[in-house]
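Below is one structure, written out as C-alpha cells; comments come after it.
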Amino acid sequence: MARKAAADSGEPCFLSGAKLSAAIRRVAGGRKARCAVAFWGKGSESLVSTAGLPSDARIICDVSLGGTNPQALIDLGAPGNRKLRCVDGLHAKIYLSDLGMVACSANASGGGVGFDKPAWLHEAGTLHASGSSAFAEGERWFEQLWRRSRQVDDNAIALAQSSWRPPSPPARVTRARNPLSLLDAMAADPARFRGVGFVLSRGTSTINHRDDTAKALIAEDNARPERLLSRQERSAIKRWSVSDVFSEWGAADVDAWPRRFICAHLGGRGGLTYWFYERAHAVIIDGTEGMVLARKEGALRRSLGLAHGTAAMAAADASKLRALHAHVEGDGHRLLETPEKLAALLGRLELDG
C-alpha cells in the first residue's frame with residue numbers, strides 16, 4: 001500500500017520543484033482560495049480563474065516593489081475586481097483554500113510556479129492540511145492583512161506600471177569606486193547583498209518602547225492556538241537591549257522588513273555608525289505602530305566579504321549617509337528592503353558617483 005501523504009495525515013509536507021508547483025496549483029484552485037503572494041506574472045490568472053474569469057479567490061499582492069506585472073493585474077480583473085487587493089512591501093508567498101495551505105518561496109510567476117513552461121527558479125515550501133494549527137494561524141494572518149490592504153484600483157495599477165522591472169539577466173558586476181565604501185559595494189554588486197536590507201535610523205528607542213513591544217509580542221503569542229515563544233524567549237524579550245529596538249515604524253515597513261539588514265544610524269550628537277543585524281521579532285501595535293527587535297550579527301559582515309571594520313566604512317560613507325538622512329528628515333528613518341532600492345535612491349540623489 002502506498003504511504004499516506006504527510007499533509008493528508010495532518011503532518012506538514014516539504015515540497016520543491018514540480019511537486020511544489022503542483023501543490024500551489026491544486027490549493028489555489030480550491031474553494032475559498034486566499035493568496036497573499038507578493039508578485040504576479042503573466043499567466044498567473046490561470047491559478048485562480050474559471051473559464052477565464054476570476055473565481056471567488058481573494059488575492060493580496062504587492063505593486064510597489066517592481067515584481068508584479070501590471071498586465072497580470074488587469075488579467076486578474078483590475079481595477080474592477082474587489083477581491084484583488086494590495087499591501088505595499090508584501091513579500092510573503094502564502095496560498096490557502098479548503099485544500100490546505102502552501103507556505104513557500106514561489107511567487108505566482110512563470111519563474112516561481114511555471115505556466116506555459118516549467119518554473120526555472122529553485123523554490124521550496126511546505127504544505128499544511130486544512131485542519132492543522134498552522135493552517136488556522138495562516139488564515140488568521142491573512143484576514144489581518146486583508147483588513148489593512150487596499151483595492152487594486154487605477155492608482156495601484158499606475159504604481160505597478162511605474163515600478164515594474166521585467167526579469168532580466170543578472171547585471172554585470174562592477175568594481176566599487178571606493179573599496180572602503182559599503183554604499184559603493186552595495187550599489188556596484190546588488191546580487192552579493194541579496195536578501196540584505198538597508199535601514200536608516202536616528203534617535204534612541206526607550207524602555208517604554210521595549211516594554212510595549214514585549215507586551216504586544218507576548219499577547220499575540222498567547223492568542224495563538226499553540227504558543228511559539230518559550231519561557232526563555234519571553235524573558236529575553238522583556239530584557240531586550242533598548243539599543244536594538246526599532247520603534248515607531250509603519251506597518252508596511254514591518255511587513256517588508258528583511259531577516260538580515262544593515263543599519264546606518266545617526267546618533268543624537270551627529271555620529272554615524274554601521275550595525276549589522278538579524279531581525280528577531282516584529283509586531284504591529286494598535287494596527288499602526290511597527291516595532292522590530294533585532295540581534296547584532298557580526299558574522300553577517302564577514303559573510304558578505306567585507307574586510308574593513310564598521311567605523312572605517314562609516315567614515316568613508318559619511319557625506320553620503322548625511323545626505324541620505326537629510327533626504328528622510330521628515331520621518332527620521334527609512335527602510336530600503338533590497339540593495340537595488342538603495343542603489344536606486346543613491347542614483348536619484350546623485351550619490352552613486
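Basis for what follows: all heavy atoms, side chains included, without hydrogens, waters or symmetry-related copies.
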Determine all donor-acceptor pairs shorter than 3.5 Å in which one atom belongs to a side chain in residues 64-73; sequence neighbours excluded.
residue: Ser64; atom: OG; partner: Asp62; partner atom: OD1; Å: 2.7
residue: Ser64; atom: OG; partner: Gly89; partner atom: N; Å: 3.4
residue: Thr68; atom: OG1; partner: Ala38; partner atom: O; Å: 3.2
residue: Thr68; atom: OG1; partner: Trp40; partner atom: N; Å: 3.4
residue: Thr68; atom: OG1; partner: Asp62; partner atom: O; Å: 2.7
residue: Asn69; atom: OD1; partner: Gln71; partner atom: N; Å: 2.9
residue: Gln71; atom: NE2; partner: Asp75; partner atom: OD1; Å: 3.0

For residues 95-111, tabulate all N or O donor-acceptor pairs below 3.5 Å that involve a side-chain atom, not counting sequence neighbours.
residue: Tyr95; atom: OH; partner: Ala106; partner atom: O; Å: 2.9
residue: Tyr95; atom: OH; partner: Ala108; partner atom: N; Å: 3.4
residue: Ser97; atom: OG; partner: Val27; partner atom: O; Å: 2.7
residue: Ser97; atom: OG; partner: Leu99; partner atom: N; Å: 3.1
residue: Asp98; atom: OD1; partner: Arg31; partner atom: N; Å: 2.7
residue: Asp98; atom: OD2; partner: Arg31; partner atom: NH2; Å: 3.1
residue: Ser105; atom: OG; partner: Glu123; partner atom: OE1; Å: 2.4
residue: Ser105; atom: OG; partner: Ala124; partner atom: N; Å: 3.2
residue: Ser105; atom: OG; partner: Ala124; partner atom: O; Å: 3.4
residue: Asn107; atom: OD1; partner: Phe39; partner atom: N; Å: 3.1
residue: Ser109; atom: OG; partner: Gly112; partner atom: N; Å: 3.1

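Electrostatic pairing of Asp253 and Arg334 does not count as a salt bridge here, judged by no charged N lying under 4.0 Å from a carboxylate O. Ion pair Arg295/Asp244 not flagged as a salt bridge, since none of the NZ, NE, NH1 or NH2 atoms sits closer than 4.0 Å to an Asp/Glu carboxylate oxygen. The pair Arg34-Glu139 meets the salt-bridge criterion, since a charged nitrogen lies less than 4.0 angstrom from a carboxylate oxygen. Checked for salt-bridge contact, Glu137 and Arg224 meet the test: a charged N lies under 4.0 Å from a carboxylate O.
Using bins of under 30°, 30° to 60° and over 60° for the plane-to-plane angle, the ring pair Tyr277/Phe246 lands in the perpendicular bin. Note on ring orientation: taking the six-membered ring where Trp is involved, the planes of Phe142 and Trp146 are parallel (angle under 30°, cut-offs 30° and 60°).
No close placement of the Phe261 and Phe276 rings is indicated, their centers lying 6.0 Å or farther apart. Taking the six-membered ring for Trp and the full ring otherwise, Trp275 and His265 have centroids separated by 6.0 Å or more.
Residues satisfying the side-chain contact (heavy atoms from CB on, under 4.5 Å) test with Arg259, not counting sequence neighbours, are Glu278, Arg279. By the side-chain contact (heavy atoms from CB on, under 4.5 Å) test, Lys238 is found to be paired with Ala214, Ile218, residues two or more places apart in sequence or in another chain being considered. For Arg147, the side-chain contact (heavy atoms from CB on, under 4.5 Å) test picks out Glu143, Gln144, with sequence neighbours left out.
Few gaps surround CZ on Arg192; more than 12 heavy atoms of other groups in view lie less than 6.0 Å from it.
Of all heavy-atom pairs between Val242 and Ser205, the closest is CG1-O, 2.8 Å. Across all their heavy atoms, Leu335 and Glu337 have their closest contact at O-OE1, 3.6 Å.
Of the residues Ile262, Leu336, Thr338, the one that meets the side-chain contact (heavy atoms from CB on, under 4.5 Å) test with Met186 is Ile262.
Sorted by first and then second residue, the pairs that involve residues 191-243 and meet ring-ring contact (aromatic ring centres under 6.0 Å, His included), not counting sequence neighbours, are Trp240-His281.
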